[in-house]
Amino acid sequence: MSRKKVLFLIGSPNQTTQMHQIAQLLANEFEPYFSQLYYDGWQRPFYKFLLWSGGLDKTIVTGKIKAKADKYLAEHDLRNDFEARVYGNSYDLIVCCSDVVVPWPLMRRTKTIFVQEGMTDPLNYWARLVKRFTRYPILAIGTALNGMNNCCDIYCVASAGYQQHFERVGVDADKLIVTGIPNFDHIEQVRHNNFPHHGYVLVASSDLRETFTPENRPKFIRECVRIAAGRPLAFKLHPNEELPRAVDEINANAPAGTMIFTEGNTDHMIANCVELITQYSTVVYVGLALGKPVHSYFDVDDLRRKLPWQNDGTSAQRIATICRVFSHFEGSGPAFLRQLDAGAFAAPPAANGSLAVH
């Protein structure tokens with residue numbers, strides 16, 4: 001009997017590695033294929049225009065971030081079915097890391113599961129305008145309107161706080177289930193690392209300017225220096241930031257000896273720091289889970305409410321179980337989750353409302 005085919009839609013390095021973890025757990029029953037996020041159907045001409053005009057140059061769907069994803073697939077010998085046009089497959093399941101950019105015709109005829117990647121961008125004034133007056137969440141240039149399309153059958157999210165958030169953005173409440181999310185569900189383990197530095201204040205910056213958000217970076221750097229108050233200071237730059245501009249700004253506004261990293265394991269750097277400064281970055285959750293003092297442009301109390309569930313690294317298995325069982329289910333996503341809640345499957349829900357995998 002041939003295995004079912006599943007298409008994983010990927011994006012940033014974090015999204016790509018999360019999808020790979022889930023795919024590995026489904027390999028016995030599914031043939032996994034991967035594609036960078038893409039538009040198809042009636043929105044494709046508009047998407048092509050944005051690509052042609054450079055409007056998406058700093059996003060995950062093109063440029064160096066797409067190149068990183070393609071390189072990852074090649075290095076791990078994973079099949080890259082870009083835009084589902086390489087292999088000519090008919091898919092039994094699609095697993096999405098975003099519903100901002102989706103292949104609508106394929107989504108409508110295929111079972112679909114959304115997996116939250118990490119923190120969503122703030123619902124700022126521009127994002128609210130886009131949500132109110134357009135049908136194109138991509139115009140928010142970021143993840144603020146993840147969930148607005150409400151197009152997937154099931155939405156797997158990081159925590160009860162994010163369950164409430166996605167409902168506010170536009171996802172039907174009966175499509176949502178708390179599973180935790182890979183890469184952010186067993187943060188305690190990053191304390192064991194070989195990063196050579198300790199005792200510094202770490203700044204994990206964001207790609208605000210690259211995603212068309214105004215920022216006074218010199219002022220931000222000077223504020224970081226103030227918070228450090230003479231302690232050693234280190235910057236870990238977002239992979240999408242423009243170099244050498246970001247490095248030059250740090251050298252001009254921070255004390256001599258400030259460490260600057262453009263590569264490396266950010267989680268390990270956070271584990272060894274004494275205080276964490278972020279802007280709009282999911283890595284703030286690493287600091288919170290480790291009990292570090294943190295700074296963020298988000299409300300820190302709200303971040304604590306949304307902190308991804310720490311379930312000892314079982315999120316990928318929980319999501320894979322949903323994928324496996326739902327692929328055989330004759331019915332809608334909400335109907336599936338209702339039966340799951342009723343204990344109809346071998347993997348009943350845990351007491352906190354998320355899937356318990358046995």
Side-chain angles (χ1 to χ4, degrees), residues 12-14 17 65 68 117-122 143 158 181-211 213 215-304 306-308 310:
S12 69
N14 183 53
T17 55
I65 295 184
K68 283 185 177 182
E117 174 215 4
M119 176 183 287
T120 56
D121 292 330
T143 60
I181 52 175
N183 293 348
F184 292 95
D185 59 355
H186 191 21
I187 291 173
E188 188 64 28
Q189 67 181 342
V190 305
R191 293 189 190 274
H192 308 288
N193 65 74
N194 58 5
F195 188 66
H197 304 285
H198 294 79
Y200 49 86
V201 176
L202 179 67
V203 183
S205 57
S206 297
D207 57 341
L208 299 180
R209 293 171 291 185
E210 288 75 14
T211 54
T213 302
E215 180 195 2
N216 186 335
R217 179 56 67 88
K219 181 179 178 181
F220 170 69
I221 296 170
R222 291 192 294 269
E223 175 63 10
C224 295
V225 173
R226 185 194 67 77
I227 293 171
R231 293 172 293 177
L233 190 60
F235 282 78
K236 171 58 170 68
L237 298 177
H238 189 282
N240 199 33
E241 288 195 67
E242 182 181 311
L243 303 175
R245 177 181 67 177
V247 172
D248 292 341
E249 290 167 333
I250 295 169
N251 287 331
N253 293 277
T258 294
M259 296 178 283
I260 304 173
F261 301 96
T262 59
E263 301 287 343
N265 190 310
T266 307
D267 293 352
H268 292 173
M269 297 177 193
I270 295 171
N272 292 4
C273 79
V274 294
E275 195 160 350
L276 174 64
I277 303 170
T278 67
Q279 295 175 292
Y280 297 117
S281 175
T282 300
V283 299
V284 70
Y285 287 132
V286 178
L288 286 172
L290 294 176
K292 307 286 183 178
V294 301
H295 305 263
S296 173
Y297 285 175
F298 289 104
D299 179 88
V300 174
D301 289 334
D302 185 57
L303 293 178
R304 289 193 178 95
K306 292 177 177 176
L307 181 68
Q310 300 301 295

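Bear in mind the structure is a predicted one, so any value in this text is a computation, not a measurement.
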K.L.:
Nearest 0.5 Å, please: how far is CZ in Phe220 from CD1 in Ile250?
P.N.:
9.0 Å

K.L.:
How far does CG of Leu288 sit from CZ of Arg304, to the nearest 0.5 angstrom?
P.N.:
5.5 Å

K.L.:
Just do the side-chain contact (heavy atoms from CB on, under 4.5 Å) check on Arg209 and Glu242 with the steps written out, would you?
P.N.:
CA-CA 9 Å; Arg209 293 171 291 185; Glu242 182 181 311; over 6 Å; no

K.L.:
Kindly indicate, with the supporting measurements, whether the criterion side-chain contact (heavy atoms from CB on, under 4.5 Å) is fulfilled by Leu237 and Val247.
P.N.:
CA-CA 9 Å; Leu237 298 177; Val247 172; 3.9 Å; yes

K.L.:
Do you see a donor-acceptor pair shorter than 3.5 Å between the side chains of Thr143 and Glu117?
P.N.:
no

K.L.:
About how many Å separate CG of Asp121 and OG1 of Thr282, when rounded to the nearest 0.5 Å?
P.N.:
8.5 Å

K.L.:
Which heavy atom of Pro232 sits nearest a heavy atom of Gly199, and at what distance?
P.N.:
CD-O, 3.8 Å

K.L.:
Does Lys306 reach the side chain of Phe298, with side-chain heavy atoms less than 4.5 Å apart?
P.N.:
no

K.L.:
Are Ser205 and Gln279 close enough that some pair of their side-chain heavy atoms sits under 4.5 Å apart?
P.N.:
yes

K.L.:
Output the distance between atom CD (Glu249) and atom CD1 (Ile260), rounded to the nearest 0.5 Å.
P.N.:
10.5 Å

K.L.:
Rounded to the nearest 0.5 Å, what separates atom NE2 in His192 from atom NE2 in His268?
P.N.:
10.0 Å

K.L.:
Give me the atom names and distance for the closest heavy-atom approach of Ser281 to Ala204.
P.N.:
CB-O, 4.5 Å

K.L.:
What are the two closest non-hydrogen atoms of Glu210 and Asn240, and how far apart are they?
P.N.:
CG-O, 3.2 Å

K.L.:
Test side-chain contact (heavy atoms from CB on, under 4.5 Å) on Met269 and Met259; report intermediate values, then the result.
P.N.:
CA-CA 11 Å; Met269 297 177 193; Met259 296 178 283; over 6 Å; no

K.L.:
Is any side-chain heavy atom of Ser296 less than 4.5 Å from a side-chain heavy atom of Thr278?
P.N.:
yes

K.L.:
Tell me the closest heavy-atom pair linking Ile187 and Gln310, and the distance in Å.
P.N.:
N-OE1, 2.9 Å

K.L.:
For a 4.5 angstrom cut-off between non-hydrogen side-chain atoms, does Val225 reach Asn253?
P.N.:
no

K.L.:
To the nearest 0.5 angstrom, please state how far the CD atom of Glu275 sits from the SG atom of Cys224.
P.N.:
10.5 Å

K.L.:
Going by the angle between their ring planes, with limits at 30° and 60°, are Tyr297 and Tyr280 parallel, tilted or perpendicular?
P.N.:
perpendicular

K.L.:
State which residue, out of Ile270, Ile277, Val294, Leu307, fulfils the side chain to side chain contact (heavy atoms under 4.5 Å, CB included) condition with Val284.
P.N.:
Val294

K.L.:
Would you name the heavy atoms of Pro308 and Tyr285 that are closest together and state the gap between them?
P.N.:
CD-CG, 3.5 Å

K.L.:
Within a strict 4.5 Å, meaning less than it, do heavy atoms of the Phe195 and Asn265 side chains meet?
P.N.:
no

K.L.:
Please report the closest heavy-atom contact between Ala271 and Val190, naming both atoms and the distance.
P.N.:
CB-O, 3.4 Å

K.L.:
Return yes if some donor-acceptor pair links the side-chain N/O of Arg231 with the main-chain N/O of Ile227 below 3.5 Å, else return no.
P.N.:
yes

K.L.:
Assess whether side-chain contact (heavy atoms from CB on, under 4.5 Å) is satisfied between Thr266 and Phe261, documenting all intermediate values.
P.N.:
CA-CA 9 Å; Thr266 307; Phe261 301 96; over 6 Å; no

K.L.:
Report yes or no: does Lys236 contribute a side-chain atom to a donor-acceptor pair with the main-chain N or O of Leu202 at less than 3.5 Å?
P.N.:
no

K.L.:
Side-chain contact, heavy-atom cut-off 4.5 Å: Pro239 with Lys68?
P.N.:
yes

